[in-house]
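I have placed the structure first, in the form of structure tokens, so that the comments after it can refer back to it.
All values below were derived from every heavy atom in this structure, side-chain atoms included, with hydrogens, water molecules and symmetry-related copies excluded. One is the number of the first residue; the rest follow in order along the sequence.
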Amino acid sequence: MRITEYVLLALVAVLFGLVIFLCVRVRSLKRMLRFLAQEEKKKKSAENVTWNEEEMQELGLLRKRMELSVLQEQINPHFLYNTLDSIRSRALMDDQLEIAKMTEILSRFFRYCISRQENLVKVREELEHIEDYYYIQKYRFEDRIELEIHMESEELYDLYLPKMTLQPLVENAMIHGLEKRAENGKIDIHLFRADERLVILISDNGVGMDRRHLDQLNARMQEPYFDADRKHGRHSGIALNNVNARLKMTFGEDSGIHYRSMEGEGTDAVVMLPVVDVFSRVAYEEKSEL
């Protein structure tokens with residue numbers, strides 16, 4: 001019995017949701033584990049700080065729980081890899097070439113999120129990840145959305161930025177900017193160098209924002225850290241705020257995201273960060289781990 005294209009698409013859609021959840025979950029757990037290890041080291045080395053036995057046991061137990069959580073979360077990717085490979089193989093058997101291609105891209109998308117150890121990646125790698133993300137989302141939006149990438153020069157491909165910087169911004173443009181458009185939605189990504197700054201402009205021709213929502217969003221982008229308890233409007237989200245906070249913690253307050261928008265015309269997300277080449281990368285790598 002042949003597996004229909006609709007069943008395969010449904011399976012891939014469910015797996016895609018699991019991929020996004022696990023990407024965020026594992027990276028969050030790893031950051032927390034590194035933070036706990038650093039705090040324990042600082043406490044042990046501080047001359048004027050002493051911990052009693054109960055406090056040390058509590059910290060040790062918390063670390064063990066975090067380590068177990070990371071281990072458990074990393075078991076799941078192997079199941080998903082195998083599932084994706086099975087779907088791809090069955091799709092090829094049923095001559096469903098598009099489904100086979102999409103599951104292959106989804107597997108590559110997943111590996112980029114989870115498997116790589118680097119915190120800073122080349123612009124080329126991040127853009128390849130965005131192209132994979134766009135291909136997967138085309139199954140949802142069909143031909144209603146077009147994506148184009150514009151590079152000022154080939155040299156920019158070899159610069160570095162924090163991994164998973166662009167995908168939440170592109171996703172935000174798709175969901176909040178273009179989802180309500182019946183057709184002819186477009187996202188343009190422009191990368192150029194301004195002195196010693198790398199500027200990434202993500203523009204959409206979607207519904208845009210009024211002045212009040214725009215001011216609220218930019219005010220949140222000015223905050224150094226993300227407040228998880230705050231309620232968010234429809235033009236923001238945890239992933240977006242997380243990207244902005246990581247940029248500021250890694251590169252300083254001059255870096256981050258700023259939005260420009262006009263209601264009914266579209267929205268621009270402007271990402272500013274230093275020019276990070278292979279030589280200056282080391283100076284930022286440790287900061288990007290937190």
Side-chain angles (χ1 to χ4, degrees), residues 20-21 23-25 27-28 31-32 35 119-120 123 126 130 133 137 145 147 150 159-181 185-276 284 287-290:
I20 297 298
F21 172 78
C23 286
V24 175
R25 176 67 174 169
R27 288 182 66 82
S28 175
R31 284 197 297 269
M32 179 62 73
F35 172 76
N119 296 292
L120 296 179
V123 168
E126 186 77 356
I130 290 301
Y133 176 74
Q137 288 288 38
I145 292 181
L147 173 72
H150 312 269
L159 298 180
Y160 288 84
L161 76 169
K163 184 166 70 172
M164 299 293 291
T165 292
L166 299 183
Q167 187 232 309
L169 300 176
V170 173
E171 181 177 12
N172 196 65
M174 286 184 179
I175 303 304
H176 299 302
L178 300 176
E179 191 172 42
K180 293 184 178 180
R181 285 186 65 97
K186 188 174 183 182
I187 296 176
D188 287 290
I189 303 178
H190 295 264
L191 295 94
F192 58 92
R193 182 169 176 168
D195 296 325
E196 294 305 309
R197 310 289 288 176
L198 174 63
V199 182
I200 306 173
L201 177 64
I202 301 173
S203 304
D204 69 69
N205 63 345
V207 297
M209 285 178 273
D210 58 33
R211 173 58 61 178
R212 182 173 66 87
H213 285 100
L214 178 62
D215 290 344
Q216 289 175 351
L217 180 55
N218 279 324
R220 283 194 287 274
M221 295 298 100
Q222 292 298 315
E223 297 175 359
Y225 302 106
F226 168 58
D227 183 0
D229 294 328
R230 172 177 292 175
K231 294 181 179 180
H232 302 285
R234 72 181 184 92
H235 289 286
S236 64
I238 292 177
L240 183 63
N241 287 272
N242 179 274
V243 170
N244 187 62
R246 283 195 295 126
L247 288 169
K248 290 183 178 298
M249 287 189 289
T250 303
F251 302 116
E253 289 300 312
D254 291 338
S255 298
I257 307 169
H258 179 78
Y259 273 90
R260 305 182 304 216
S261 186
M262 182 176 295
E263 194 168 13
E265 298 294 328
T267 300
D268 296 335
V270 185
V271 182
M272 298 281 291
L273 64 154
V275 170
V276 182
Y284 295 108
K287 292 181 180 179
S288 70
E289 293 180 356
L290 299 177

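- Each of Val271, Leu159, Ile200 was compared with Leu191 under the side chain to side chain contact (heavy atoms under 4.5 Å, CB included) criterion, and only Ile200 meets it.
- Among Leu169, Thr165, Asn218, the single residue meeting the side chain to side chain contact (heavy atoms under 4.5 Å, CB included) criterion with Ile257 is Leu169.
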>> Let's go through Met262 and Met209 carefully: what are the C-alpha distance in whole Å and the side-chain angles of both, what is the deciding distance for side-chain contact (heavy atoms from CB on, under 4.5 Å) to 0.1 Å, and is it a yes or a no?
In response: CA-CA 6 Å; Met262 182 176 295; Met209 285 178 273; over 6 Å; no
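- Pairs of residues two or more places apart, or lying in two chains, that qualify as salt bridge (Lys or Arg N to Asp or Glu O under 4.0 Å) and include a residue from residues 254-273 are Arg260-Asp268.
- Of the candidates Leu201, Val270, Ile202, His190 forms a side chain to side chain contact (heavy atoms under 4.5 Å, CB included) with just one, namely Leu201.
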>> Working note: Leu198 + Phe192, criterion side-chain contact (heavy atoms from CB on, under 4.5 Å); need CA distance, chi angles, decisive distance, verdict.
In response: CA-CA 6 Å; Leu198 174 63; Phe192 58 92; over 6 Å; no
> What's the verdict on side-chain contact (heavy atoms from CB on, under 4.5 Å) for Leu161 and Val276, showing C-alpha distance, side-chain angles and the deciding distance?
Replying inline: CA-CA 7 Å; Leu161 76 169; Val276 182; over 6 Å; no
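- Separating the OG atom in Ser261 from the NE2 atom in His176 is a distance of 12.5 Å, to the nearest 0.5 Å.
- To the nearest 0.5 Å, atoms CG (Leu247) and CE (Met221) are separated by 10.0 Å.
- In terms of heavy-atom proximity, Leu120 sits nearest to Tyr284 at CD1-CB, 3.9 Å.
- Residues passing the ring-ring contact (aromatic ring centres under 6.0 Å, His included) test with His258, sequence neighbours excluded: none.
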> Could you go step by step and tell me if Gln137 and Ile145 meet the side-chain contact (heavy atoms from CB on, under 4.5 Å) rule?
Replying inline: CA-CA 9 Å; Gln137 288 288 38; Ile145 292 181; over 6 Å; no
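- The side-chain heavy atoms of Tyr160 and Val123, taken from C-beta on, include no pair separated by under 4.5 Å.
- With sequence neighbours left out, the side-chain contact (heavy atoms from CB on, under 4.5 Å) criterion links Gln216 to Arg212, His213, Arg220.
- Expressed to the nearest 0.5 Å, how far CG of Asn172 lies from CG of Leu240 amounts to 5.0 Å.
- Between Ala194 and Val199 the shortest heavy-atom distance is CB-CG2, 4.2 Å.
- For residues 194-205, the pairs satisfying salt bridge (Lys or Arg N to Asp or Glu O under 4.0 Å) are Arg193-Glu196, with sequence neighbours left out.
- The shortest side-chain heavy-atom distance between Pro162 and Asn119 does not fall under the 4.5 Å cut-off.
- Here Glu126 contributes atom CD and Gln167 contributes atom CD; the two are 8.5 Å apart, rounded to the nearest 0.5 Å.
- The shortest heavy-atom contact between Asn244 and Gly256 is OD1-CA, 3.4 Å.
- Judged by distance alone, with hydrogens and angles left aside, the side-chain atoms of Arg246 form no donor-acceptor pair with the main-chain N or O of Asn241 at under 3.5 Å.
- With sequence neighbours excluded, the residues satisfying side-chain contact (heavy atoms from CB on, under 4.5 Å) with Asn205 are Leu178, Arg181, Lys186.
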